[in-house]
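The residues of the chain are indexed from 1 along the displayed sequence. Whatever order the structure lists ligands and atoms in, that order sets their numbers, starting from 1. When reading the values below, keep in mind they use all heavy atoms of this one structure, side chains included, and skip hydrogens, waters and symmetry mates.
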Amino acid sequence: VKLSNRVANLKPSPTLMLAAKAKELAATGHQVVSLAVGEPDWDTFQVAKRGGIEAIEKGQTKYSPSNGIPELRKAIAERTTAEIGITYSAEHVTVTSGGKFVIFSALQALINPGDEVIIPGPYWVSYPTMVELAEGVPVCVPCDQTDGFKLTPENLRRHLRPKTRLLILNSPSNPTGVMYSEDELLALAKVLRDFPNVMILSDDIYNRLVFEKSVAPHILHVAPDLVGRTLVMNGAAKTYSMTGWRVGWALGPLPWIQGMTNYQSQTTSCAPTMAQVATLKAIQEGEPELKEALTELKRRRDFVVGLLSNIPGVVPNTPDGAFYVWPSIKAHLGKKWNGKTLTTSSDFSAALLEDQKVVVVPGIEFGLDGYVRISYALKDSQMKLAADRIRAFVQVLL
Ligand SMILES: Cc1ncc(COP(=O)(O)O)c(C=O)c1O
């Protein structure tokens with residue numbers, strides 16, 4: 001079969017591919033430790049599971065409106081209003097099957113061929129590909145360690161051009177776990193005020209998985225005047241450990257939301273109805289379980305940062321949120337393993353997998369080499385085992 005150019009050139013998601021590779025190796029009897037997963041290892045929240053079961057039993061198993069069930073849209077509007085201080089109502093909300101498709105349909109609804117989209121890097125792997133699928137041009141802007149891996153106002157201004165249509169922000173970030181402060185967001189907003197045609201997509205999927213605050217600071221909180229050109233996206237996946245339920249949403253200007261809903265109505269129709277009911281329950285009653293999850297996540301963050309700090313040449317950052325840590329492995333690049341020179345983070349990760357059966361995602365996949373992404377949504381025993389193996393690996397490098 002000769003595939004379309006669009007799909008023939010499409011690279012599968014490297015993180016999902018690595019997770020699959022880990023499962024494959026495990027199935028052939030290897031003791032694999034995968035630090036590549038992008039989901040919590042704890043169960044879906046009890047309130048959500050019960051909500052889903054009840055929905056099925058009550059027959060809430062048919063199509064919903066393309067923009068989601070009204071009760072859920074109302075709850076999302078209220079939750080977001082409380083989080084970022086913008087008054088939203090249910091009509092500003094569209095719900096669809098997963099946060100990923102929210103971003104995809106947002107880009108499909110906004111981007112014309114040749115439009116440029118600024119993506120601060122390190123970035124979530126799917127952004128550039130989704131921009132390309134919308135025939136836009138990803139403008140990936142590397143953000144250095146010295147800037148905390150964050151976009152600075154100067155760096156933003158340097159990349160804004162007449163063709164710039166959109167800026168994507170993601171805080172806390174996948175892959176670094178770093179979060180923008182109010183002041184940093186305000187500084188970006190000041191630059192954006194000079195470019196009124198540039199829209200903003202704020203990917204807030206990890207905004208509740210933060211350690212020092214109850215919710216991550218938001219650009220609309222510090223610059224509510226940008227509301228007419230900002231899409232706020234979020235989902236149930238990470239906050240309520242509902243990755244498999246596929247419920248994501250966006251709030252924003254009505255024409256953008258309506259465009260996305262039309263696109264969704266011709267593609268996925270709607271998010272699974274029972275999963276929407278489960279999400280509603282999670283939003284309404286999930287706070288106590290979230291509190292417990294966050295206590296555990298913070299403990300694990302400190303545990304993994306401590307473990308990695310003790311490995312020669314591995315220098316972890318201290319993430320503010322999400323469940324990723326982004327250590328530098330620059331000290332090991334240029335060294336040899338088994339006669340092969342480890343030039344990039346991909347070489348490092350491949351050799352680590354072959355030697356020690358530990359899966360980490362190479363930083364190069366997120367647009368910044370010299371680092372790896374480690375997910376610490378894992379039990380302590382697994383983390384400890386992984387750290388021991390990484391130490392054993394770096395000790396044999398010459
Ligand atoms: C930064 C970011 N945005 C969005 C998503 C989408 O999540 P989902 O499609 O599971 O709702 C993910 C998931 O990995 C993510 O890491």
Open item on the list: Going by salt bridge (Lys or Arg N to Asp or Glu O under 4.0 Å), name the pairs with one or both residues in residues 71-81, residues two or more places apart or in two chains.
Closed with: Lys74-Glu78, Arg79-Glu83
Task: Phe393-Phe348 aromatic ring centre distance below 6.0 Å - done: yes
Open item on the list: Testing the basics here: between Lys238 and Pro40, what is the closest heavy-atom pair and its distance to 0.1 Å?
Closed with: O-CG, 3.9 Å
TODO: Kindly tell me which protein residues have any non-hydrogen atom under 4.0 angstrom away from an atom of ligand 1, grouped by chain and ordered by number?
DONE: Gly98, Gly99, Lys100, Ile103, Trp124, Tyr127, Asn170, Asn174, Asp203, Ile205, Tyr206, Ala237, Lys238, Arg246
Open item on the list: With ring pair (Phe, Tyr, Trp, His ring centres under 6.0 Å) as the rule and sequence neighbours excluded, what pairs involving residues 198-221 come up?
Closed with: Tyr206-Phe323, Tyr206-Tyr324
Task: Set of ring pair (Phe, Tyr, Trp, His ring centres under 6.0 Å) partners for Tyr263, sequence neighbours left out - done: none
Task: Enclosure of Lys21 NZ (heavy-atom neighbours >12, cutoff 6.0 Å) - done: no
